[in-house]
Amino acid sequence: MPTAVLTDRERTAVQAYLRLLGTVRAAFDGPPEGRPPVVPTAALAEAEQALAEAGLAGNEEEFFRLLRGWCPRL
């Protein structure tokens, strides 16, 4: 399977998204009973900023194409 060649900004956006995904998974796996999961706003802000800097904000189709090419297990 060919791998995608990402620019530095695209790679940063993918990595920020993967960190956000890990944070969300941890939040849903670990909250105490009766309490809603909490995702730190900094994790979401980092991903949003990285997407904007890569020119991918509002272009989810292109972003997820890059993500699948770079990290096909998702």
Side-chain angles (χ1 to χ4, degrees):
M1 170 179 217
T3 46
V5 177
L6 305 179
T7 67
D8 288 343
R9 288 185 176 175
E10 290 169 340
R11 186 177 306 104
T12 298
V14 168
Q15 290 170 336
Y17 173 78
L18 293 174
R19 281 191 295 278
L20 175 61
L21 184 60
T23 300
V24 169
R25 285 179 176 164
F28 277 92
D29 285 346
E33 291 298 318
R35 296 190 60 193
V38 176
V39 175
T41 56
L44 184 56
E46 176 196 17
E48 288 179 345
Q49 181 179 351
L51 285 170
E53 289 176 2
L56 295 167
N59 192 350
E60 290 81 8
E61 184 178 335
E62 176 65 12
F63 173 71
F64 284 109
R65 184 190 66 75
L66 291 170
L67 182 64
R68 281 189 305 273
W70 194 68
C71 192
R73 68 179 175 7
L74 294 176

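The analysis underlying the following values was restricted to heavy atoms, covering all of them including side chains, and did not include hydrogens, waters or symmetry mates. Worth saying up front: this structure is predicted, and the values here are computed from it rather than measured.
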**OP:** For Glu46, check salt bridge (Lys or Arg N to Asp or Glu O under 4.0 Å) against everything at least two apart and list the hits.
**Re:** Arg19
What side-chain donor-acceptor pairs closer than 3.5 Å can you find for residues 47-54, not counting sequence neighbours?
from  : atom 1 : to    : atom 2 : distance (Å)
Gln49 : NE2    : Glu53 : OE2    : 2.8

Original post:
How would you list all residue pairs meeting ring-ring contact (aromatic ring centres under 6.0 Å, His included) that involve residues 46-68, not counting sequence neighbours?
Top reply: Tyr17-Phe63, Tyr17-Phe64
**OP:** For Arg9, look at atom CZ and say whether over 12 heavy atoms of other residues, nucleotides or ligands are found less than 6.0 Å away.
**Re:** no
Original post:
Roughly how far apart are Leu67 CG and Leu18 CG, rounded to 0.5 Å?
Top reply: 5.5 Å
Subject >> Leu6 and Leu66: CA distance, side-chain angles, deciding distance, side-chain contact (heavy atoms from CB on, under 4.5 Å) verdict >> reply: CA-CA 8 Å; Leu6 305 179; Leu66 291 170; 3.4 Å; yes
